[in-house]
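What you see is a predicted model, and the numbers here were worked out from it, not measured in a lab.
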Amino acid sequence: MKEFVISETKTEYAVLVGLITPRQNEAKTNEYLDELEFLADTAGAVTVKRFTQRVNGPSSVTYVGKGKLEEIRAYIEDCEERAERGEVYFPPKHKGAVFSNEGDGAAQEADGAEAEAVPYQPIGMVIFDDELSAKQIRNIEQELKVKILDRTSLILDIFAMRAQTANAKTQVELAQYRYMLPRLQRLWTHLERQGGGSGSGGGKGSVGLRGPGETQLEMDRRIILNRMSLLKERLAEIDKQKTTQRKNRGRMIRVALVGYTNVGKSTIMNLLSKSEVFAENKLFATLDTTVRKVVIDNLPFLLADTVGFIRKLPTDLVDSFKSTLDETREADLLLHVVDISHPDFEEQIKVVEKTLGDLGCGEKPSMIVFNKIDAYTWTEHEADDLSPLKRGEIPLADLKKTWMAKLQDNCLFISARTKENIEEFRETIYRRVRELHVQKYPYNDFLYNDYSDV
């Protein structure tokens with residue numbers, strides 16, 4: 001059977017496609033495409049160009065308009081021809097389109113004078129920023145003649161690459177089948193009914209060619225549904241094992257690190273627990289939930305590092321990973337980690353809060369930890385400029401005086417990489433966990449005396 005999700009890590013060259021709509025302006029589309037490019041890079045693909053189109057909404061047939069699809073096809077063909085001729089280009093300094101099919105030589109040299117010449121490469125895939133239907137994928141493939149991926153299939157590919165434990169692998173496989181099931185119709189186009197209506201039964205198709213496509217499709221559908229049932233049973237067994245493990249952990253407060261993907265949760269985990277959880281500047285570096293015992297002064301508690309959230313994550317995908325997020329639901333305190341150096345961190349906060357609400361964790365005690373203050377940058381506002389301060393023009397000290405000031409002790413600013421404000425972070429966690437510990441286990445002798453100063 002033809003696979004939807006690409007699990008190979010060889011370098012492929014990709015084009016990104018996004019839409020500018022009344023609900024999503026150009027700046028927002030560029031932010032989404034930045035994230036999509038980061039996802040592609042994590043999966044092992046190199047982004048060479050972006051295409052955007054201003055429309056009222058996605059086309060139900062080809063996502064973008066006919067003219068834009070022809071433009072993308074012309075670009076793919078042009079790159080292939082230039083690659084066959086061995087032509088080179090000078091990468092531009094700005095982020096975005098790396099290849100250019102408009103002019104050679106002087107114009108490109110002026111844009112990237114210090115860059116080395118790079119050979120053109122054929123485009124192997126086109127990645128769309130939204131989830132595509134089976135009809136859209138089929139029509140786009142027929143037009144572009146290259147591999148077509150959407151945001152969901154790209155995330156699934158990364159999940160499949162990152163999954164290490166049996167739990168994570170089972171959840172990824174279940175998510176893949178859920179994604180594949182409604183798109184099965186495009187796998188067996190060579191067996192579809194052909195010809196006009198013939199025969200006395202009024203059925204469609206020529207004699208001897210009626211029904212094989214539908215038969216094969218139903219067989220595949222039945223196989224996938226049976227496999228999904230088996231995977232759900234496996235996850236139920238894993239859930240029972242996890243529940244037993246949680247019961248055997250003793251009477252300790254549970255703290256969970258939650259947040260957007262790539263905000264530094266695993267780095268904080270390693271810092272507090274002195275463990276070696278895999279941390280990398282990639283999206284979804286952590287897919288398996290890791291739990292470690294942490295002791296601050298005389299207070300032991302459990303700290304869990306969970307999978308990160310992301311925008312435009314389909315509900316089915318969240319459902320598949322609910323068992324991984326059980327540690328979040330079982331936690332007594334949530335540490336919501338935020339990358340304050342990200343230009344769109346406020347929207348990331350909303351995405352995480354919405355996902356936590358969907359998981360039934362919206363009312364849990366929590367605090368926000370603004371990480372990566374060492375990477376926060378801002379542009380100084382002109383003294384004679386009377387216009388309101390824009391995003392990226394507010395110093396960190398002034399930013400702390402905005403809505404964040406209302407959070408008071410529920411808000412911390414740290415850098416896990418440079419260990420800035422870490423002692424204050426540890427003291428705050430100690431205070432919050434101790435309060436919860438005394439409330440939940442008033443007669444527990446785990447809270448032993450501190451003899452460090454004796």
Side-chain angles (χ1 to χ4, degrees), residues 18-39 95 129-130 151 155 256-268 281-284 306-314 318 325 328 333-359 361-381 385 387-417 420-421 425 428:
L19 295 180
I20 303 170
T21 65
R23 293 185 177 182
Q24 184 174 297
N25 58 29
E26 185 174 0
K28 189 67 64 181
T29 299
N30 287 330
E31 289 173 7
Y32 287 163
L33 289 178
D34 285 343
E35 188 171 81
L36 190 66
E37 182 174 344
F38 202 176
L39 284 167
K95 191 174 183 178
D129 191 41
D130 293 294
R151 176 179 276 254
I155 291 173
L257 294 166
V258 298
Y260 210 77
T261 181
N262 199 44
V263 295
K265 297 187 298 297
S266 297
T267 306
I268 293 175
N281 186 28
K282 297 282 187 180
L283 300 181
F284 301 111
T306 62
V307 62
F309 305 134
I310 197 169
R311 286 175 288 205
K312 297 185 178 181
L313 195 61
V318 176
L325 296 167
T328 304
L333 174 66
L334 301 180
L335 297 183
H336 181 176
V337 184
V338 178
D339 177 6
I340 198 169
S341 67
H342 194 281
D344 203 24
F345 71 88
E346 288 179 300
E347 183 177 346
Q348 291 185 353
I349 292 175
K350 294 178 181 177
V351 170
V352 174
E353 289 178 345
K354 182 181 182 304
T355 308
L356 288 174
D358 294 340
L359 293 170
C361 305
E363 302 300 321
K364 281 187 176 291
S366 64
M367 60 183 296
I368 295 184
V369 181
F370 290 101
N371 190 26
K372 303 188 182 182
I373 58 174
D374 59 306
Y376 182 82
T377 57
W378 58 282
T379 305
E380 190 171 357
H381 201 61
D385 188 353
S387 62
L389 290 175
K390 300 176 182 177
R391 182 190 299 169
E393 294 181 342
I394 306 176
L396 183 59
D398 293 343
L399 190 63
K400 293 178 181 179
K401 298 175 184 176
T402 58
W403 59 270
M404 302 172 186
K406 298 179 182 178
L407 298 174
Q408 298 178 353
D409 291 342
N410 255 10
C411 175
L412 280 172
F413 296 83
I414 69 167
S415 170
R417 188 177 67 87
E420 190 173 350
N421 296 340
F425 178 44
T428 304

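With sequence neighbours left out, the ring pair (Phe, Tyr, Trp, His ring centres under 6.0 Å) criterion links Phe413 to Phe370. Glu353 meets the salt bridge (charged side-chain N to carboxylate O under 4.0 Å, His left out) test with no other residue; sequence neighbours excluded.
Residue Asn262 comes nearest to Lys372 through the heavy atom pair O-NZ, 3.1 Å, listed as atom of the first residue, atom of the second, then distance. Residue Val263 comes nearest to Val338 through the heavy atom pair CB-C, 4.3 Å, listed as atom of the first residue, atom of the second, then distance.
The distance from the CD1 atom of Ile349 to the CG atom of Asp339 is 10.5 Å, given to the nearest 0.5 Å. With values rounded to the nearest 0.5 angstrom, Ile340 atom CD1 is found 11.0 Å from Ile414 atom CD1. How far CD of Glu420 is from CD1 of Ile373: 3.5 Å, rounded to the nearest 0.5 Å. How far OG of Ser415 is from OH of Tyr376: 15.0 Å, rounded to the nearest 0.5 Å. For the atom pair OG1 (Thr29) and CG (Leu36), the distance works out to 11.5 Å, reported to the nearest 0.5 Å. For the atom pair CG (Leu39) and CG (Asp34), the distance works out to 11.0 Å, reported to the nearest 0.5 Å.
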Original post:
What's the verdict on side chain to side chain contact (heavy atoms under 4.5 Å, CB included) for Gln348 and Phe309, showing C-alpha distance, side-chain angles and the deciding distance?
Top reply: CA-CA 9 Å; Gln348 291 185 353; Phe309 305 134; over 6 Å; no
**OP:** Carefully, step by step, assess Leu356 and Thr328 under the rule side chain to side chain contact (heavy atoms under 4.5 Å, CB included).
**Re:** CA-CA 9 Å; Leu356 288 174; Thr328 304; 3.8 Å; yes
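Ion pairing of Glu31 with Lys28 is present here, as a side-chain N (NZ or NE/NH1/NH2) and a carboxylate O approach within less than 4.0 Å.
Looking at Asp344 and Arg311, their side chains come closer than 4.5 Å, going by heavy atoms from C-beta outward. By the 4.5 Å heavy-atom criterion applied to side chains, Val258 and Thr355 are not counted as neighbours. Within the 4.5 Å cutoff, no side-chain heavy atoms of Ile268 are placed close to those of Leu335. Looking at Val352 and Tyr260, their side chains come closer than 4.5 Å, going by heavy atoms from C-beta outward.
When atom types are taken as modelled, the side chain of Asp129 and the backbone of Arg151 share no donor-acceptor pair closer than 3.5 angstrom. The backbone N or O of Leu19 lies less than 3.5 Å from a partner atom in the side chain of Gln24, making a donor-acceptor pair. A side-chain donor-acceptor contact under 3.5 Å links Asn371 to the backbone of Ala416.
Of the candidates Thr267, Leu412, Leu257, Ile368, Val337 forms a side-chain contact (heavy atoms from CB on, under 4.5 Å) with just one, namely Leu257.
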